[in-house]
Engineer: 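First the structure, which I've put down as structure tokens, then a few questions once you've had a look.
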There are 2 protein chains.
Amino acid sequence: MNSGNIKCDCEDCKLKSLFFSHVTVDELIDICEIKEERTYFKGDIITKEGDSINEFLYLKEGLVKLSKSTDEGKDQIISFSKPFDFVSLLSVFSSDTYQYSVSAIEDSHVCILDLNVVKNHARQNALFTMDLMKRVSEATDKIVLDNLEIRRKHLKGRVAHVLLYFANYIYMKEEFELPISRREIAEYIGMTTENVIRTLSEFRKDKIIKIFGKYIQIADKKRLENISEFG
Amino acid sequence: MNSGNIKCDCEDCKLKSLFFSHVTVDELIDICEIKEERTYFKGDIITKEGDSINEFLYLKEGLVKLSKSTDEGKDQIISFSKPFDFVSLLSVFSSDTYQYSVSAIEDSHVCILDLNVVKNHARQNALFTMDLMKRVSEATDKIVLDNLEIRRKHLKGRVAHVLLYFANYIYMKEEFELPISRREIAEYIGMTTENVIRTLSEFRKDKIIKIFGKYIQIADKKRLENISEFG
DNA sequence: CTGAATTCATGTCAATTATCATGATTGAAG
DNA sequence: CTTCAATCATGATAATTGACATGAATTCAG
């Protein structure tokens, strides 16, 4: 095997700097040789809660949701993640099995590394491990803070919060195609589907947003922000 | 300075195995030489959100709450922690400032290390860093899972959940002195103080618990568990 | 010890949200 | 293209929770 021949496009990966800034070229080649890239389509399950963890994965492109099923079969959505703020699962280093499910809510490209190989490098390269910890820490901080924010709002404020979340944080646009159903919004903010639909309709009647199916256009952002903060 | 003379009782610390299982004796001495131990009394603030982080701390004894203030000055309680599941703050490695406040809800002993010294060791000792990451990961997993559980319950179920939490997880007893006020229970489960009080009264009237001020005695655990799960 | 402040407690009423019912629309599978 | 299922939508009603009021009990500083 001639190292000059190794095809390893990780070197060009946009995420390289984040995850591998403290990894040597040799290590990078070692890790990348065994990497696998998979494409998941909207709706596909990427990892399932309860399954055993033996891969380390990160999102190269797309959008995913983290969720958990209750005993009665209902889902609770924990958070949404896009590339750069999704670092495998929070529990890769603390549990043998996935605590949550991850599914694609937009077509997504996922890069998959063997967990043992990553762990071996983590054991030998403290700076890499610290990078990893920092990323995991940031991701969980975000989840906890977002949850607190949602928790202190009422129905309307929560729905406004979700719309602004997608507008400001995911799409950086005032108009976008909602990647999730009304039911999923409900599962995320902890309200019923009917009330989410009703609230969106109200916003439409009040000319705060325009709705064409899943396509949303924010018409009066100031008011939406106001509702998110005080409503 | 004679190393034989260094008084370092970290060697006997119950938490040593958790945080320093992969630390050499020399490193341990280095870290412990600059350690400081502080006692906080019930109600004392240990760290305050917004303050800059320059210490690494862990709880040797006692009970603390993590909380965050809203703009209107109301508090939201994120979680409670006892020794072994409180590893400094979740954000020590991801942020310069504390995202949450930590305060003692029982008299507590806290061990304080210089963050830079700990970080230095983390940079050089990958196994230590992995231990740390595992601990942080476990702590945040617990917070997220607990929050999901509370979120899917109604008032009564939430109050029952809190009572069972203290009985099963904190005190391992069916009777205990509640370390927090009714208002704090409300801040934790996201309901109003009045409704927490009312619910406790109801439980008392239904002979599920006995109440003497802050002293709680669980009289019918089966029913309380039932309410926690389905109510 | 004492007055002030906070916590605990309970009742009433209003606001918020869930549940149920029903139908239109959309999307996927054969 | 058609059929079935899921999603979206709206209304009516019930259940849940919050807000306000008021007073007792407890805690705490001086």
Side-chain angles (χ1 to χ4, degrees), chain A residues 41-44 65 70 72-77 103 105 150-163 177-206 209-216 227-228 230-231, chain B residues 41-44 65 70 72-77 103 105 150-163 177-206 209-216 227-228 230-231:
Chain A
F41 296 105
K42 188 180 170 122
D44 289 351
K65 68 170 181 186
T70 70
E72 302 105 54
K74 287 181 184 173
D75 276 5
Q76 290 181 286
I77 293 179
S103 14
I105 56 174
I150 289 174
R151 204 172 99 176
R152 66 168 172 263
K153 293 175 190 191
H154 285 175
L155 175 56
K156 285 181 193 178
R158 291 182 187 190
V159 174
H161 175 89
V162 173
L163 294 177
E177 188 88 10
L178 256 185
I180 54 174
S181 67
R182 270 65 164 166
R183 180 169 54 73
E184 285 173 303
I185 294 178
E187 287 168 354
Y188 178 50
I189 64 174
M191 298 278 146
T192 57
T193 308
E194 293 96 316
N195 278 328
V196 169
I197 293 171
R198 233 187 293 275
T199 306
L200 287 173
S201 298
E202 263 187 71
F203 287 171
R204 175 174 42 73
K205 279 173 204 154
D206 294 345
I209 59 171
K210 289 180 183 175
I211 306 177
F212 312 94
K214 291 231 195 275
Y215 184 83
I216 302 282
I227 292 170
S228 173
F230 305 109
Chain B
F41 296 105
K42 186 178 173 124
D44 289 352
K65 67 171 181 185
T70 69
E72 304 103 53
K74 287 180 183 173
D75 277 5
Q76 290 181 286
I77 293 179
S103 14
I105 57 174
I150 289 175
R151 201 171 102 177
R152 65 167 173 263
K153 293 176 188 190
H154 286 174
L155 174 57
K156 284 181 196 180
R158 292 181 187 190
V159 174
H161 175 89
V162 173
L163 294 176
E177 188 88 11
L178 255 186
I180 53 173
S181 67
R182 271 67 163 164
R183 180 169 53 73
E184 286 173 302
I185 295 178
E187 288 168 354
Y188 178 51
I189 63 174
M191 298 278 145
T192 57
T193 308
E194 294 97 315
N195 277 328
V196 169
I197 293 171
R198 231 187 293 275
T199 306
L200 287 173
S201 299
E202 262 187 72
F203 287 171
R204 175 174 43 72
K205 279 173 205 153
D206 293 345
I209 58 171
K210 290 181 183 176
I211 306 178
F212 312 94
K214 293 234 194 268
Y215 183 83
I216 302 282
I227 292 169
S228 173
F230 305 108

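Naming: A, B, ... by sequence-line order, numbering from 1 per chain.
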Engineer: Would you call P179(B) and K214(B) a side-chain contact if the rule is heavy atoms closer than 4.5 Å?
Structural biologist: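 Counting from C-beta outward, P179(B) and K214(B) never come under 4.5 Å.
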Engineer: If you fit an axis to the five pairs at each end of the helix from dC1(C)-dG30(D) to dG30(C)-dC1(D), how big is the angle between those two axes, to 10 degrees?
Structural biologist: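 Inter-axis angle at the ends, rounded: 60°.
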Engineer: With S103(A), which residues qualify under side chain to side chain donor-acceptor pair (under 3.5 Å), at least two apart?
Structural biologist: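 If we apply the side chain to side chain donor-acceptor pair (under 3.5 Å) test to S103(A), skipping adjacent residues, there are no hits.
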Engineer: Whole Å only: how far is the CZ atom of F212(B) from the P atom of dT7(C)?
Structural biologist: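 Interatomic distance, CZ of F212(B) to P of dT7(C): 23 Å.
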Engineer: Just how far, in rounded Å, is C1' of dA15(C) from CE of M191(A)?
Structural biologist: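 Result: 13 Å.
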Engineer: Return the minimal non-hydrogen interatomic distance between E187(A) and D75(A), and the atom names on each side.
Structural biologist: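 E187(A) and D75(A) have their closest heavy atoms at CG-O, 3.2 Å.
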Engineer: Heavy-atom nearest nucleotide on DNA chain D for K205(A) versus H154(A): which residue maps closer to 5'?
Structural biologist: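 Per heavy-atom nearest nucleotide, the more 5' residue is K205(A).
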Engineer: What pairs with E194(A) under salt bridge (charged side-chain N to carboxylate O under 4.0 Å, His left out), at least two apart in sequence or on another chain?
Structural biologist: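 Residues passing salt bridge (charged side-chain N to carboxylate O under 4.0 Å, His left out) with E194(A): none at all.
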Engineer: When rounded to the nearest 0.5 angstrom, what is the spacing between CD1 in I216(B) and CD1 in I209(B)?
Structural biologist: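 The CD1 atom of I216(B) sits 4.5 Å away from the CD1 atom of I209(B).
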Engineer: Would you tabulate the pairs of protein nitrogen or oxygen atoms and nucleotide nitrogen or oxygen atoms of nucleotides 27-30 of chain C closer than 3.5 angstrom?
Structural biologist:
none

Engineer: Looking at Q76(B) and R152(A), what are the two nearest heavy atoms and their distance?
Structural biologist: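 Looking at all heavy atoms of both residues, the shortest contact is OE1-NH1, 2.9 Å.
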Engineer: Can you name the side chain to side chain donor-acceptor pair (under 3.5 Å) partners of N195(A), sequence neighbours left out?
Structural biologist: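 Checked N195(A) against side chain to side chain donor-acceptor pair (under 3.5 Å); matches are T192(A), R198(A).
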Engineer: Between the protein and nucleotides 23-26 of chain C, list every N/O to N/O distance that falls short of 3.5 Å.
Structural biologist:
none

Engineer: Nearest 0.5 Å, what's the CD1-NE2 distance between I227(B) and H154(B)?
Structural biologist: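 Output value for this atom pair is 14.0 Å.
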Engineer: Can you tell me how far P of dT16(C) sits from NZ of K156(A), to the nearest Å?
Structural biologist: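 Distance check: K156(A) NZ to dT16(C) P gives 7 Å.
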Engineer: Working to the nearest 0.5 angstrom, can you tell me the gap between R158(B) CZ and M191(B) CE?
Structural biologist: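 Those atoms lie 3.5 Å apart.
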Engineer: Return the value, rounded to whole Å, for the distance between atom NZ of K153(A) and atom P of dT17(C).
Structural biologist: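 The answer, rounded to whole Å, is 13 Å.
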Engineer: If you compare all heavy atoms of L178(A) against all heavy atoms of K42(A), which two are closest, and at what distance to 0.1 Å?
Structural biologist: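 Smallest heavy-atom distance, with atoms named: O-NZ, 4.4 Å.
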Engineer: In chain order, what residues pass the salt bridge (charged side-chain N to carboxylate O under 4.0 Å, His left out) check against E202(B), with sequence neighbours excluded?
Structural biologist: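 Residues passing salt bridge (charged side-chain N to carboxylate O under 4.0 Å, His left out) with E202(B): K156(B).
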Engineer: Using whole Å, what does the distance between atom P of nucleotide dT17(D) and atom CZ of R152(A) come to?
Structural biologist: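 Whole-Å distance recorded here is 21 Å.
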Engineer: For DNA chain C, which residues in residues 179-188 of chain B have a heavy atom at a distance below 4.0 Å?
Structural biologist: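 Result for residues 179-188 of chain B: S181(B), R182(B), R183(B), sorted by number.
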Engineer: Calculate, to the nearest 0.5 Å, the distance between atoms NZ and CD belonging to K65(B) and E184(B) respectively.
Structural biologist: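 Going from the NZ atom of K65(B) to the CD atom of E184(B) covers 3.5 Å.
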Engineer: Could I get the full list of side chain to side chain contact (heavy atoms under 4.5 Å, CB included) partners for K74(A), not counting sequence neighbours?
Structural biologist: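 K74(A) satisfies side chain to side chain contact (heavy atoms under 4.5 Å, CB included) with T70(A) once adjacent residues are dropped.
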Engineer: Expected output is a numbered-order residue list: members of residues 192-204 of chain B with a heavy atom under 4.0 Å from any atom of DNA chain D. What is it?
Structural biologist: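 By residue number: T192(B), E194(B), N195(B), R198(B).
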Engineer: Grab the two heavy atoms, one from Y188(A) and one from I77(A), that are nearest each other, plus how far apart they are.
Structural biologist: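 Heavy-atom minimum between the residues: CD1-O, 3.7 Å.
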Engineer: For a quick check, with a 4.0 angstrom heavy-atom cut-off, what is the B/S/- contact string for nucleotides 24-30 of chain D, read 5' to 3'?
Structural biologist: -------
Engineer: At under 4.0 Å between heavy atoms, what does K214(B) touch on the DNA or RNA strands: base, sugar-phosphate, or nothing?
Structural biologist: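 Contact class for K214(B): sugar-phosphate only.
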Engineer: Please name the pair of heavy atoms, one in L200(B) and one in I211(B), separated by the smallest distance, quoted to 0.1 Å.
Structural biologist: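 It is O-CD1, 3.5 Å.
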Engineer: Apply side chain to side chain contact (heavy atoms under 4.5 Å, CB included) to T193(B) and list each qualifying residue two or more places apart in sequence or on a separate chain.
Structural biologist: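 T193(B): side chain to side chain contact (heavy atoms under 4.5 Å, CB included) contacts with R182(B), R183(B), A186(B), I197(B).
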